[in-house]
Amino acid sequence: MNLSTLYKILLEKYGHQGWWPLLELHEKGINPTKSGSIRGYHPKDYSYPKTKDQQFEIILGTILTQNTSWIQVEKVLINLKQLNSLSPDSILNLDKEKLKQAIKPAGYFNQKSERIILLAKWFKELNHTPDRTELLSLKGVGPETADSILLYAFKIPSFVVDTYTKRILTNLEIINEKEKYEKIQKLFHEFLPKDFKIYQEFHALLVEHAKHFYLKKENWRKDFLKSQ
DNA sequence: AACCAGGACGTGA
DNA sequence: TCACGTCATGGT
């Protein structure tokens, strides 16, 4: 099983995923059939983000979703929308306690609020496309968050390696259990066309696939990919 | 009722 | 470098 084949199989099984979900699309009810109540995806439409505010919304999401499910992040984004605070300026003008309350559903509201304020200040002054090193220097931005920002907010082909990706590749015996982040990322960079669309889809497909087979460890062996 | 969610960071060895 | 504890709410 190589990565190109894996991508092909997953795309065939699950279809285009249309990440990153955006609140505006959620409200318009686009792609309402997505699993659960989660909406806001835009399959086969790679024109997002269309505005700087949408770009910032994605960055907000990358911080908020750390070690938390997306459904919780969605609640926070709706809270912020209600407070009219989805842009950097409005967040900076928001009372800190109100910000914390809004963030609560996603957990870690103390850290996340501080980091979001710093990010808002950073993004406000940003007048160029950041690279990975710059992103990693920001508090609260680790490897996965940095790559998510590059890939989904700036459309730069930097592959996102999350815990699901590690689980799947480990189970398929493509990597060993404790392989390091950058080395796994290098695999994807080496064996795939350097195309942000493919990177976006592939990462989203891995997450989708993991939700079917990797939520409990005893289900790992049920992964149909093992018999491919 | 434990366990986990689209991680990152600080600490000590 | 690396293993380990911490951060926090909510769904299953």
Cut-off 3.5 Å, side chains only: do [X] and [Y] have a donor facing an acceptor?
X: A:Gln200; Y: A:Lys197; value: no
X: A:Glu134; Y: A:Trp122; value: yes
X: A:Tyr181; Y: A:Asp162; value: no
X: A:Thr68; Y: A:Lys112; value: yes

Less than 4.0 angstrom between a side-chain N/O of [X] and OP1 or OP2 of [N], yes or no?
X: A:Lys100; N: C:dC7; value: no
X: A:Lys112; N: C:dT9; value: no
X: A:Thr163; N: B:dG7; value: yes
X: A:Asn67; N: B:dA8; value: no
X: A:Arg115; N: C:dC7; value: no
X: A:Thr65; N: B:dG7; value: no

Checking contacts here: which listed nucleotide ([options]) is nearest the side-chain heavy atoms of [X]?
X: A:Pro143; options: B:dA8, B:dG6, C:dC2; result: B:dA8
X: A:Tyr108; options: B:dG10, C:dG11, C:dC7; result: C:dC7
X: A:Asn110; options: C:dG10, B:dA8, C:dA8; result: C:dA8

Using whole Å, report how far [atom1] of [X] lies from [atom2] of [N].
X: A:Leu118; N: B:dA8; atom1: CG; atom2: C1'; result: 14 Å
X: A:Gln72; N: C:dG10; atom1: CD; atom2: P; result: 7 Å
X: A:Leu64; N: C:dT9; atom1: CG; atom2: P; result: 15 Å
X: A:Trp70; N: C:dG11; atom1: CH2; atom2: P; result: 16 Å
X: A:Lys75; N: C:dT9; atom1: NZ; atom2: P; result: 13 Å
X: A:Glu74; N: C:dG10; atom1: CD; atom2: C1'; result: 14 Å
X: A:Ile149; N: B:dG7; atom1: CD1; atom2: C1'; result: 12 Å
X: A:Ile59; N: B:dG6; atom1: CD1; atom2: P; result: 21 Å

Counting the atoms with a prime plus P, OP1 and OP2 as sugar-phosphate, which does [X] contact under 4.0 Å by heavy atoms, base, sugar-phosphate, or nothing?
X: A:Gly142; result: sugar-phosphate
X: A:Val141; result: sugar-phosphate
X: A:Leu138; result: sugar-phosphate
X: A:Phe109; result: sugar-phosphate
X: A:Gln111; result: base
X: A:Lys216; result: nothing
X: A:Lys217; result: nothing

**Message:** Stacking between B:dG6 and A:Trp19, yes or no? Criterion: centroid separation under 5.5 angstrom, plane angle under 30 degrees.
**Reply:** yes
**Partner of A:Tyr7 by ring pair (Phe, Tyr, Trp, His ring centres under 6.0 Å), out of A:Phe202, A:Phe188, A:Tyr14** = A:Phe202
**Asked** Only one of A:Phe224, A:Tyr164, A:Trp220 clears ring pair (Phe, Tyr, Trp, His ring centres under 6.0 Å) with A:His209; which?
**Response** A:Phe224
Pairwise [atom1] distance for [N] and [M], with rounding to whole Å:
N: C:dA8; M: B:dG10; atom1: P; value: 14 Å
N: C:dG5; M: B:dC4; atom1: P; value: 15 Å
N: C:dG11; M: B:dA1; atom1: C1'; value: 13 Å
N: C:dG10; M: B:dA8; atom1: P; value: 22 Å
N: B:dA5; M: C:dC7; atom1: C1'; value: 14 Å

**Complete:** Residues A:Gln55 and A:Ala153: closest non-hydrogen pair is NE2-O, 3.0 Å
**Prompt:** What is the minimum heavy-atom distance between A:Glu57 and A:Pro21, and which atoms define it?
**Reply:** OE2-O, 4.4 Å
**Prompt:** Closest nucleotide of DNA chain B for A:Gly140 versus for A:Ser148: which of these residues is on the 5' side?
**Reply:** A:Ser148
**Fill in**
DNA chain B nearest-nucleotide lookup for A:Ala146 and A:Arg167: closer to the 5′ end is A:Arg167
**Any donor-acceptor N/O pair under 3.5 Å between B:dG6 base and A:Tyr41 side chain** = yes
**Prompt:** Which sits closer to the 5' end of DNA chain C, A:Lys178 or A:Gln66, going by the nucleotide each is nearest to?
**Reply:** A:Lys178
